Amino acid sequence: MSNPKLTELRTQIDELNLQILNLINKRGQLVQEVGKLKEVQGTNRFDPVRERAMLDLIQENNNGPFETSTLQHIFKEIFKANLELQHDDHRKALLVSRKKKAENTIVDIKGEKIGNGSQHFIIGPCSVESYEQVAEVAAAAKKQGVKLLRGGAYKPRTSPYDFQGLGLEGLKILKKVADQYDMAVISEIVNPADIETALDYIDVIQIGARNMQNFELLKAAGSVNKPVLLKRGLAATIDEFINAAEYIISRGNDQIILCERGIRTYERATRNTLDISAVPILKKETHLPVFVDVTHSTGRRDLLLPTAKAALAIGADGVMAEVHPDPAVALSDSAQQMNIPQFDEFISQLKPLCNLNT
Ligand code: PEP
Ligand code: MN
């Protein structure tokens, strides 16, 4: 038998819970309005002075039975939830967000439709070294039905004494080969001033991991009518990655492919740690296509095939991998590029697993 007094008290508690619920949601609505005003004014959402004043008010008015520190802790959680609510609203408003645009963005690269459910490969050497070197890889890729050819002409190298790339000469080689084999070319640009010239030679501007937060470069790439492949920064969170893409789209260019290429962690068995779960997260949070670069994420030739399988299985729109006619003498990334027979094996193992045409 339940005690009538207990039932009565519990009923009162339930009522109070509903009142608190109602008040917390009312508070949330007001905070959302504050968030909108702050966005218009460009002021910071988090205001520690204001938060301190609110905590002081609680202290001054606390008549117990709770300790002030306990109440302040509870209120701080409410403040935190409200701040997150403002961030959610902001995220909803991002132009790259799925909440802003539900359908997939399809990036059209010379007729190759990236983002429509079909899966693609971007193949080519780490660096453009010569016409013959690029042509040999292009011929092998083309034979396997690959249409997207990569090659670095401007190489962002850790050491200034390492090969820096052939620059414009490299772009000219890429264009010549691409025209010859009817392929599309993807190449990294590191300097905003080079974008204009590059437009005549390449089909996709790559923004490399080291430049993911080079905001002037992002703005410049966003201001032209050319698809962009944006790589995730070495130590960038997904949120930072999404915001980097926002820089590009906010300038008017929505032809963006995101590329997960591994992040820096304490693990030394691989060059970087492939954050495979970033793929479905990015697909869910944004409407942009997502690629996985298996070469730079692993830095290991023996892991290219298994990680590419994982990328395709998890729903990536494509895989990027580096191929060189003679990796042992490559001027960059010689440890992980595939030679042509290895590439043939790689692609023939993957083809049955992926969705080639939609
Ligand atoms: C590249 O793809 O050539 C490259 C340098 O990769 P990342 O920017 O991801 O290191
Ligand atoms: Mn490389």
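Please read all numbers here as calculations on a predicted model, not as lab measurements. Counting starts at 1 for both ligands and their atoms, following the listed order.
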- Query: In the protein, which heavy atom is nearest to atom 8 (O) of ligand 1, and how far is it?
  - Reply: Ala209 N, 2.8 Å
- So is Met320 polar-close to ligand 1, meaning N/O to N/O under 3.5 Å? no
- Item | Worked verdict on Arg10 versus Asp14 for salt bridge (Lys or Arg N to Asp or Glu O under 4.0 Å) | CA-CA 6 Å; Arg10 283 184 168 162; Asp14 283 344; over 6 Å; no
- Item | Option with minimal heavy-atom separation from atom 3 (O) of ligand 1, where the choices are Glu188, Lys231, Arg232, Arg150 | Arg150
- Query: Does even one non-hydrogen atom of Lys155 get within less than 4.0 Å of ligand 1?
  - Reply: yes
- Using a strict 4.0 Å cut-off to heavy atoms of Gly208, name the atoms of ligand 1 that fall inside it. 8 (O)
- Task: Decide side-chain hydrogen bond (donor to acceptor under 3.5 Å, both in side chains) for Ser297 and Asn272; before the verdict, give the C-alpha distance in whole Å, the side-chain angles of both, and the deciding distance to 0.1 Å.
- Result: CA-CA 5 Å; Ser297 51; Asn272 291 289; over 6 Å; no
- Verify the neighbour count for atom NZ of Lys76: are there more than 12 heavy atoms of other residues, nucleotides or ligands below 6.0 Å? no
- Query: For residues Thr105 and Lys101, is any side-chain donor paired with an opposing acceptor at under 3.5 Å?
  - Reply: yes
- Dump the intermediate steps for side chain to side chain contact (heavy atoms under 4.5 Å, CB included) on Arg261 and Leu234, then the final yes or no. CA-CA 8 Å; Arg261 47 80 71 206; Leu234 271 69; 4.1 Å; yes
- Is any N or O atom of Arg271, backbone or side chain, closer than 3.5 Å to an N or O atom of ligand 1? no
- After noting the C-alpha distance and the side-chain angles of Ile189 and Ile207, does the key distance pass the side chain to side chain contact (heavy atoms under 4.5 Å, CB included) rule? CA-CA 6 Å; Ile189 302 298; Ile207 295 185; over 6 Å; no
- Message: Listing by chain and number, which protein N, O or S atoms are under 2.8 Å from the Mn ion (ligand 2)?
- Response: Cys126 SG, His296 NE2, Glu322 OE1, Glu322 OE2, Asp333 OD2
- Message: Show, in sequence, the C-alpha distance, side-chain angles and deciding distance for Val224 and Leu199, and conclude whether the side chain to side chain contact (heavy atoms under 4.5 Å, CB included) test is met.
- Response: CA-CA 9 Å; Val224 293; Leu199 296 179; 4.1 Å; yes
- Item | Leu83: hydrophobic cluster co-members (side-chain, 4.5 Å) | Phe46
- For Lys143, does the NZ atom have more than 12 heavy-atom neighbours from other residues, nucleotides or ligands under 6.0 Å away? no
- What residue and atom, counting heavy atoms only, is the protein's closest point to atom 9 (O) of ligand 1, and at what distance? Arg261 NE, 2.6 Å
- Query: Looking only at distance, does Gln206 have an N or O less than 3.5 Å from an N or O of ligand 1?
  - Reply: yes
- Message: Counting neighbours of NZ on Lys351 that are heavy atoms of other residues, nucleotides or ligands and sit closer than 6.0 Å, is the number greater than 12?
- Response: yes
